[in-house]
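No hydrogens, no waters, no symmetry mates; every other heavy atom, side chains included, goes into these values.
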Amino acid sequence: MSRSPRFVRKRHAGHAVIGLLALGCSPPGGGVVDGRIPLTLENIFTAAGGAGRAVLSPDGSVLAVAGPVDGAGGRAIHLVPTSSTGPVAAAGGEAATSWLPGGAQTWSPEGGRLAFIAGGNLVVAEAGTSDRVVVVEGASGLRAPAWSPDGTMLAYYSTASGSQDIWLVDAAGAAPPRQLTTGAAEAGDSRFSPMWSPDGRWIAYISNRADWWHDDVWLVAVASGGAHRVSSSLMASSSPVWSPDGSRLVLMGTSKDEYWYEDLAYLYRIDLDLTGPAPRALREAPLDMQVYATDAIMRFDPFWSGDGERIYFPYQQRGAFDLWSVPASGGVATRVTNVGGSWSSLHVTKDGGRAVFTRDAATEGREAWLLDLGGGTPARLTDFLPHFEGVQRPAEISFRSFDGLYIQGFLYLPPAIRSAHAAGSDPPACPALVQVHGGGTNSYTQGTNLVEQYLANEGFVVLAINYRGGSGFGREFQDLSVEDWLNDQSKDPGAAADWLRRQPYVNGRVGIYGGSYGGMQSMSAITRTPDKFDAAVPMRGIYSESLTLPYADRLGKIFTITGHGGTPEERPEIYAKSETLDRMDRITAPVLIMHGEFDVRAPFENFELAVERLEALGKEFESKTYPEGHGFRDPSNSIDMYSRLGAFFDKHLGGCQAGGTSLD
C-alpha cells in the first residue's frame with residue numbers, strides 16, 4: 001500500500017549506546033569480568049552477534065555498520081568515522097557518533113543520506129540530523145534497497161506481488177512506489193540485490209523467469225520496465241556488478257552444464273551492447289585466472305577498481321578468506337590481504353580506493369576492518385563483540401582417511417588437557433566428538449566457531465573436519481563428491497574417529513554431530529562406518545533424497561539434482577548411494593535427531609521418515625522438533641538444541657578421567 005511520506009523526529013541516543021558498548025553489552029548468561037564473559041550457550045546465541053553489514057560512505061570517511069545496542073540481542077546501525085588517528089576506532093568508544101535502529105543500510109551517492117529498513121519500512125535519514133522519512137511503509141518482504149546514481153530514487157525488492165520483484169520509489173517519499181519487474185524470482189529467494197547502471201537507465205538483476213531451474217542475468221529498463229535476459233550459459237551465484245563505464249558486468253557463477261558448486265565459482269564478465277532497441281551480450285565467459293572466487297553461500301559480490309582495470313573478489317582456501325584481485329581481462333590473480341579468518345560482509349567505495357570487510361577468527365570476534373586498496377595492513381574499526389573466557393586457537397591438523405587422502409581438521413582441546421600439556425604432565429582422557437560442517441560443497445571456516453569452543457570447554461575433544469567434496473582445496477577435491485553424495489565422503493568422519501582414538505587424551509569413546517548437510521553426514525557415517533561412533537546427533541538433515549525431494553524448496557531441488565546428475569527417476573543408482581534411510585538397520589550407536597518443523601530446505605518429512613524407521617528397527621534414539629525453518633531464528637531454540645546435544649553426549653560418552661578418577 002502506498003502512503004504519503006511520514007516524518008519522524010528522534011533524539012540521538014549515541015552517548016547511551018557508547019556507554020553500553022564500552023561495557024561489552026552485559027549478557028544474560030553472565031556478567032563481564034575483566035572484559036570477558038562466560039562461554040555459555042546463552043551468551044553464544046544472544047551476545048555474540050558482532051559486526052554485521054558494513055558499508056562505507058562514498059568518500060570513505062564514515063562507516064555505517066550493523067551492531068548490537070543492548071544486552072538482549074538488539075541491533076542497530078552505527079556510524080563510525082574512519083579517520084581515527086589510532087590503529088583502532090572502536091565503535092564502543094568515542095569514535096561511535098550516532099546510531100539508527102534498523103538494518104540493510106546503504107549510502108546515497110552524495111553521502112548525505114542513509115536508506116535503511118526499520119520495522120518493515122524503508123526509511124531515509126539525513127546523516128548528522130534526527131530527520132528521517134518513511135518512503136515505503138509495510139511492504140511485504142522488503143529488502144535490499146539501492147540508490148539510483150542521481151540519488152532521486154530507490155530500488156528495492158518486495159514480495160508484495162507474490163514473487164521477488166524490484167520496485168522503485170521516490171527517495172523523498174513524494175510519490176507512491178511502482179513495480180518494475182514481474183515474476184523476477186521465487187518469493188522465498190532473497191539472495192540477490194538490484195544493481196543500477198552508472199547512467200541510471202538500467203537495473204541488472206538475477207532472475208529465473210526464463211527457466212525455473214536457472215538463475216540468469218537480466219536488465220530492466222527503468223523508464224519502461226522492459227526486461228531483457230543477457231546471459232544464457234551461466235548459473236549466477238552473486239549479483240551482477242556494473243563496471244564504472246557501464247559497458248560490462250562481472251559476477252560469480254558456474255556453468256549450467258556443470259555441478260552447482262559453492263564457494264569455488266568462476267568470475268564471469270559480460271560485455272554489453274546497449275545501443276540498440278534491446279541490450280545484448282557481446283561476451284559471456286569466465287575470466288581466465290588460476291584461482292576461484294568465493295560467494296560464501298551467495299553472500300559476496302565482486303567489485304571493480306575505480307578505473308575499471310581490475311576486479312576484486314574474496315577467495316577461501318583451507319577455511320581462510322582473503323581478498324584477491326585480477327585484471328579485468330583475466331590473467332594472474334594476486335592476493336590483496338593476508339589476514340585469513342572467516343568473512344561475512346564486503347563493501348568498497350565508488351572510487352575503488354577503500355574497502356571494508358567483517359571478519360572473525362579463532363580468538364577474535366566478528367568486527368569491521370578498513371583496507372586501503374593501495375596496500376598495507378587492514379585497521380579494525382569496531383569493538384562490538386565481548387571477549388569470551390576460555391576460547392582457544394585450535395590446532396590445524398591433517399589425518400589420513402580410508403583411501404590415503406589426507407583430510408584437514410581443527411582440533412579443540414578441553415582446559416584440563418591444555419593445562420596438562422602446558423605443565424608437561426600426563427593429560428586426562430576425555431570423550432571426543434567429530435564435527436561435520438553443513439553445505440556439502442562448503443567448508444568449515446577458520447572463524448570463532450563458538451559452539452566447538454563451548455563443547456571443548458565442557459570437556460570434549462572436538463575435531464571439526466573438512467571432508468572430501470568441500471571447497472577451499474581446489475576443484476578436483478570438490479569433485480570427489482559429485483554423484484557420490486554420502487558415500488566415500490561419509491567414511492572420512494570414521495577415519496577422524498580412528499585418529500582421535502589413537503590420541504592418549506581420548507577415552508576411546510567418540511560421537512559425531514552436524515547440521516544440514518552435516519546432519520546428513522552424521523546419520524550416514526553411523527551407517528557407513530557403524531563401528532566408529534558411540535553416539536550421534538544429526539540435526540536438520542536429509543535422510544532420503546528420493547522420497548523427500550518433492551517437498552524441497554527450489555534451491556534444495558537444484559542442489560540435489562545437480563549433485564546427483566539428474567532426478568531420482570533418471571539416476572536411481574546415484575540416489576541409492578545417498579539413501580541413508582535404507583541403511584539405518586546398520587546403526588549401533590544411540591541417536592538424538594532434531595529438526596525444524598517448517599524446514600523446506602531439508603524437508604521436515606526427513607525427520608518423520610527417520611523416526612519412523614528408527615522405531616521400526618528398534619534402535620535406541622531420542623528426538624526433538626522446533627517451530628523453526630532450516631535456519632533457527634529464536635535463540636532459545638538454538639540454546640535448547642545444543643543443551644540437549646551436550647547432555648546426550650555426556651550420557652553416552654562419559655567424562656574426562658585422570659588416573660581412573662573422574663574430573664567432573
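- The shortest side-chain heavy-atom distance between E452 and Y444 falls under the 4.5 Å cut-off.
- Using modelled atom types and a 3.5 Å distance limit, the side chains of D165 and T181 yield a donor-acceptor pair.
- Counting all heavy atoms, side chain and backbone alike, A54 lies closest to L63 at CB-CD1, 3.8 Å.
- Here the shortest heavy-atom pairing between A175 and V169 reads O-CG2, 3.9 Å.
- Side-chain atoms of W304 never come within 3.5 Å of backbone atoms of P244 as a donor-acceptor pair (strictly under, hydrogens ignored).
- Between the side chain of W196 and the main chain of A146, a donor-acceptor pair closer than 3.5 Å is present.
- Judged by distance alone, the side chain of Q105 and the main-chain N or O of V55 form no donor-acceptor pair under 3.5 Å.
- By the 30° and 60° cut-offs, the orientation of the rings of W324 relative to Y315 is perpendicular.
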Show your reasoning for whether side chain to side chain donor-acceptor pair (under 3.5 Å) applies to S325 and R310.
CA-CA 7 Å; S325 174; R310 301 194 69 81; 2.7 Å; yes

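- Using cut-offs of 30° and 60° for the angle between ring planes, the Y642 and F45 rings count as parallel.
- Within the 3.5 Å criterion, the main-chain N or O of A171 finds no donor-acceptor partner in the side chain of R113.
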Derivation of the side chain to side chain contact (heavy atoms under 4.5 Å, CB included) call for L168 and I203
CA-CA 11 Å; L168 298 176; I203 292 177; 4.0 Å; yes

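- Between Q446 and S342, the closest side-chain pair of non-hydrogen atoms is not below 4.5 Å.
- Contact between F313 and L323 at its shortest, heavy atoms only, is O-CD1, 3.5 Å.
- Across all non-hydrogen atoms, the minimal contact from T448 to A361 is OG1-O, 3.1 Å.
- Proximity of a side-chain donor or acceptor of Q179 to a complementary backbone N or O of W167 within less than 3.5 Å is not detected.
- Sorted by first and then second residue, the salt bridge (charged side-chain N to carboxylate O under 4.0 Å, His left out) pairs with a member in residues 338-361 read R359-E364; sequence neighbours excluded.
- No side-chain donor from either of Q316 and T445 sits under 3.5 Å from a side-chain acceptor of the other.
- Residues forming a ring-ring contact (aromatic ring centres under 6.0 Å, His included) with Y157 (at least two apart in sequence, or on another chain): none.
- For E367 (side chain) and L385 (main-chain N/O), a donor-acceptor pair under 3.5 Å exists by modelled atom type.
- At a cut-off of 3.5 Å, with distance as the only test, a side-chain donor of D640 or Y626 sits close to an acceptor on the other residue.
- Using a 4.5 Å cut-off on side-chain heavy atoms (C-beta onward), I270 and P240 make no contact.
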Carefully, step by step, assess Y205 and L180 under the rule side chain to side chain contact (heavy atoms under 4.5 Å, CB included).
CA-CA 12 Å; Y205 65 104; L180 187 62; over 6 Å; no

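- A donor-acceptor contact shorter than 3.5 Å links the side chain of N43 to the backbone of P38.
- Here the side chain of S207 pairs a donor or acceptor atom with the backbone of R209 at under 3.5 angstrom.
- When all heavy atoms of L264 and S471 are compared, the pair lying nearest together is CG-CB, 4.0 Å.
- Using a 4.0 Å cut-off between charged nitrogen and carboxylate oxygen, D599 and R540 do not count as a salt-bridge pair.
- G183 and S163 make their closest contact through CA-OG, 3.4 Å (heavy atoms, listed as atom of the first residue, atom of the second, distance).
- Note: Q392 CD to N449 CG = 11.0 Å, rounded to the nearest 0.5 Å.
- In this structure a side-chain-to-backbone donor-acceptor pair under 3.5 Å is present from T358 to S345.
- Looking at heavy atoms from C-beta onward, D295 lies in side-chain contact with E262 at the 4.5 angstrom threshold.
- Looking at N121, its side chain never comes within 3.5 Å of a backbone N or O of V123 through a donor-acceptor pair.
- Between F559 and Y517, the angle of the ring planes goes over 60°, which puts this pair in the perpendicular group of the 30/60° scheme.
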